[in-house]
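Accompanying notes for the structure given below.
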Amino acid sequence: MKIILKREASLGLESYRELGFNSEEELKLEISKLTKFRPEFDTDLE
């Protein structure tokens with residue numbers, strides 16, 4: 001019997017634990033930090 005190492009690419013289907021977070025809330029907090037607008041790039045349209 002042959003054993004084949006198969007590595008699959010996923011489209012973001014890993015659990016929060018596989019990504020190194022202790023909870024889903026912790027993952028969401030880190031995502032919100034990454035997607036927050038930085039004040040120096042905030043433009044005033046007035």
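Chaining together hydrophobic side chains whose heavy atoms lie under 4.5 Å apart places Tyr16 alongside Leu19, Phe21, Leu27, Ile31.
For Glu18, the side-chain contact (heavy atoms from CB on, under 4.5 Å) test picks out Glu14, Ser15, with sequence neighbours left out. Residues satisfying the side-chain contact (heavy atoms from CB on, under 4.5 Å) criterion with Lys36, sequence neighbours excluded, are absent altogether. For the salt bridge (Lys or Arg N to Asp or Glu O under 4.0 Å) test, no residue two or more places apart in sequence or in another chain qualifies with Glu26.
Within a 6.0 Å sphere centred on CD of Glu24, heavy atoms belonging to other residues, nucleotides or ligands number 12 at most.
Note on Lys28 versus Glu25: no salt bridge recorded, every NZ/NE/NH1/NH2 to OD/OE distance being 4.0 Å or above.
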